[in-house]
Amino acid sequence: NDCIVEFGFDKSDPSATAETTSLLSHCFFEQYVTGTEAEQDLEEYIGTLFTGKASVVRVLLEQYANDTGCYGVKITAKDIIDYLEEKNIHVRNYCGDETVLNRIHILNSTYWDSYHAIYENLVHRTATDDIIQSIKDGHSVILHGKAGTGKSGCLEETIRYLKQTNTLYLAVKLDKHVPRISADACGQDLGLPESPVYCLSTLAARRHCVLILDQLDALRWTSNHSGDALDVCKEFIQQAEAINRHSGGKISIVFASRTFDLDTALQWIKVNVSQFTKDDVVQVIGQAYNHLSSRLQKLLLTPSSLYVWSKLEENAKNNSVSSVFELMNAWWQQIQKKCISAGLQSEAVIACKDKIVMLMERRGVFSLPRAIFADQTNEIDCLVSAGLLNSNPNTKSISFAHQSFLDYFITSDILENIYSGYELKDLIGDKNHQTPFIRYRVLTVLQNLLDSDPILFAKQSVELLEASCVRFYFKCTVFEI
């Protein structure tokens, strides 16, 4: 009866029921869930199909019939696509696009420096097996570990596996390319048409593909763009999850980060890479390991320390070295001597190194254009030859071979002051100067103290925790280590 009335029929007319029934039999009804959550799910799905802001695309689709006057006629996919393209919104589809695929291959060689294995021996890590299994299962993963424990080695193993299995991937070091504004803007900065997540997914055509983002902790190294960069990384995550949920995609994201910078809010599989085992080190340097002092043996279980030790001359690989600081200092002294033997002045080499550290520290970056050092080419080449620096011919830039080497030079002055009797709490400045950048430095200093002098670490930590002149989130660094 309600339908008869709504359709304007007379309830008393015997034919009204038959006419209403006939009318309803020619109708098709589809029920949609409404509400904020349903709207977000719809926009999430729309975002996997079209470029542009998903909420804008949703409104355009809702208004399509009104805007075009298409009532009572069949609407085709071409009609919708043409309509959206007039609004500068396009379908995400790059299958078979060699231009985009070639750009991804170029990026892999540009932003992923060649890996320097210790004595050309890439040690297999069990953490790599966990990463590969997660990729096979279509899951995303966070690789984390303390500084120098071999995260880059695990990623290198993973990349070699992806190459062997012809799995499409894009590997980017976030210290070389800091994402800004949005996921699409980041992709465009890389020379891609849109977000790298969407580019990988469409090119892979529902096969497994992987986005590798190394040095996640580098985004917190400077306060300049860290907030925007982390927001873009979260957008990558949302896009990957939406593609896998709505479009049958199989894209995985692998983040690599130092443990103390790990965002525990991410409910992903977390893979911890720890130190080498003694068998791992013996595999690299042989039985000579068993004849070293117990303190040096323990020190060499950290991959970055073993790398530095492998660079030392035989007469310098002595048992008196017992801390990371001493090890780095011995190597730096050796590098200076080699530079002098090559005809360079020690003062010029030190000045070049200081300039690199100063610019990286001041600008909050981990790589610099070689053009800045046009008058110091010989010094740069010598430091590259020694293994301290990497030189990337694609980007014409230089960077330290390992982030911990930069950490050493930045914090060495602070550590020297601490050993001279100063307190860390007095060296970080007042509250107005306790910025995220300085906080990262405190983390690095504490990490070095913990590795080299646990007693002094405990003393400085207590002083830091009890100081009223230290911000609360600076005090939290003690527990993050």
Side-chain angles (χ1 to χ4, degrees), residues 108 111-165 167 169-175 208 210-218 252-262 266 268-290 292 296-311 324 327 387 390 400-405 407 447 451 481:
N108 282 334
Y111 287 103
W112 193 266
D113 298 334
S114 57
Y115 178 76
H116 301 288
I118 305 170
Y119 292 136
E120 305 302 322
N121 186 351
L122 180 59
V123 178
H124 173 66
R125 312 301 300 276
T126 57
T128 306
D129 297 331
D130 295 333
I131 296 173
I132 292 174
Q133 188 58 53
S134 295
I135 292 172
K136 289 179 178 179
D137 295 338
H139 298 147
S140 293
V141 64
I142 299 175
L143 175 68
H144 67 100
K146 292 183 178 181
T149 52
K151 296 181 289 295
S152 294
C154 289
L155 293 180
E156 179 66 21
E157 273 195 286
T158 302
I159 287 174
R160 293 186 184 185
Y161 162 80
L162 296 175
K163 289 179 178 179
Q164 291 169 0
T165 57
T167 302
Y169 75 93
L170 173 60
V172 177
K173 288 191 174 184
L174 296 176
D175 60 333
H208 288 292
V210 183
L211 175 62
I212 298 175
L213 299 172
D214 190 17
Q215 304 282 12
L216 179 64
D217 50 289
S252 300
I253 299 181
V254 178
F255 277 117
S257 172
R258 291 187 180 185
T259 297
F260 62 61
D261 252 330
L262 183 63
L266 289 177
W268 281 7
I269 296 171
K270 297 179 178 66
V271 175
N272 179 43
V273 54
S274 55
Q275 294 180 322
F276 280 149
T277 64
K278 291 185 178 181
D279 290 339
D280 291 334
V281 181
V282 170
Q283 176 187 332
V284 176
I285 67 175
Q287 293 299 323
Y289 174 75
N290 295 320
L292 301 175
L296 184 54
Q297 286 183 357
K298 182 179 179 180
L299 182 65
L300 298 186
L301 295 178
T302 301
S304 62
S305 296
L306 182 59
Y307 173 83
V308 174
W309 184 85
S310 71
K311 295 293 182 180
V324 175
L327 188 63
N390 282 336
F400 281 99
H402 193 278
Q403 185 180 331
S404 62
F405 302 160
D407 294 341
Q447 184 72 63
D451 292 339
I481 296 296

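The first residue of the sequence shown is numbered 1, and numbering continues consecutively from there. The shown structure was predicted, so the numbers you read here are calculated from the model rather than taken from an experiment.
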Next on the checklist: Going by side chain to side chain contact (heavy atoms under 4.5 Å, CB included), name the residues that satisfy it together with Q287, two or more places apart in sequence or in a different chain.
Outcome noted: V282, N290
Item to check | Contacts of type side chain to side chain contact (heavy atoms under 4.5 Å, CB included), residue S304, not counting sequence neighbours | outcome: T302, H402, S404
Next on the checklist: Checking side-chain contact (heavy atoms from CB on, under 4.5 Å) between I131 and each of L143, V273, I212, which is the one that passes?
Outcome noted: L143
Item to check | Audit row: L300, L292, side chain to side chain contact (heavy atoms under 4.5 Å, CB included) steps and yes/no | outcome: CA-CA 10 Å; L300 298 186; L292 301 175; 3.6 Å; yes
Item to check | Considering all heavy atoms, the nearest G387-F405 contact | outcome: O-CE1, 4.3 Å
Next on the checklist: Taking side-chain hydrogen bond (donor to acceptor under 3.5 Å, both in side chains) as the definition, give me every residue that meets it alongside S274, ordered by chain and number, with sequence neighbours left out.
Outcome noted: none
Checklist entry - Can you find a pair of side-chain heavy atoms, one from L170 and one from N108, that are under 4.5 Å apart? => result yes
Checklist entry - Are L306 and D280 close enough that some pair of their side-chain heavy atoms sits under 4.5 Å apart? => result no
Checklist entry - How far does CG of L155 sit from CG of L213, to the nearest 0.5 angstrom? => result 10.0 Å
Checklist entry - Closest approach of P303 and R125, non-hydrogen atoms and distance? => result CG-NH1, 3.9 Å
Item to check | Candidate pair D129 and T126, rule side-chain hydrogen bond (donor to acceptor under 3.5 Å, both in side chains), full reasoning | outcome: CA-CA 5 Å; D129 297 331; T126 57; 6.0 Å; no
Next on the checklist: Measuring only between side-chain heavy atoms, which start at C-beta, is V284 closer than 4.5 Å to Y289?
Outcome noted: no
Checklist entry - Taking side chain as C-beta onward, heavy atoms only, is W309 less than 4.5 Å from I285? => result yes
Checklist entry - In Å and rounded to the nearest 0.5 Å, what is the CG to OG distance from L296 to S305? => result 9.5 Å
Checklist outcome for this item: Taken in chain and number order and not counting sequence neighbours, the residues that satisfy side-chain hydrogen bond (donor to acceptor under 3.5 Å, both in side chains) with H139 are none
Next on the checklist: Can you list everything that forms a side chain to side chain contact (heavy atoms under 4.5 Å, CB included) with I132? Sequence neighbours excluded, please.
Outcome noted: T128, K136, Y161
Next on the checklist: Once ring pair (Phe, Tyr, Trp, His ring centres under 6.0 Å) is applied, do any residues pair with F400, and if so which ones, sequence neighbours excluded?
Outcome noted: F409
Item to check | Nearest non-hydrogen partners of S134 and S252, listed with the distance | outcome: O-OG, 4.4 Å
Next on the checklist: Taking side-chain hydrogen bond (donor to acceptor under 3.5 Å, both in side chains) as the definition, give me every residue that meets it alongside T165, ordered by chain and number, with sequence neighbours left out.
Outcome noted: T167
Next on the checklist: To check you understand the geometry: which heavy-atom pair defines the closest contact between K146 and K151, and what is its length?
Outcome noted: O-NZ, 3.1 Å
Item to check | Those residues that, when tested against D130, pass side-chain hydrogen bond (donor to acceptor under 3.5 Å, both in side chains) (two or more places apart) | outcome: none
Checklist entry - What is the minimum heavy-atom distance between L122 and G153, and which atoms define it? => result CD1-O, 4.1 Å
Checklist entry - Mind checking what makes side chain to side chain contact (heavy atoms under 4.5 Å, CB included) contact with K163, not counting sequence neighbours? => result I159, Y169
Item to check | Closest non-hydrogen atom pair between A401 and Y307, with its separation | outcome: CB-OH, 4.3 Å
Next on the checklist: Using modelled atom types and a 3.5 Å cut-off, is there a donor and acceptor pairing between side-chain atoms of K278 and backbone atoms of L301?
Outcome noted: no
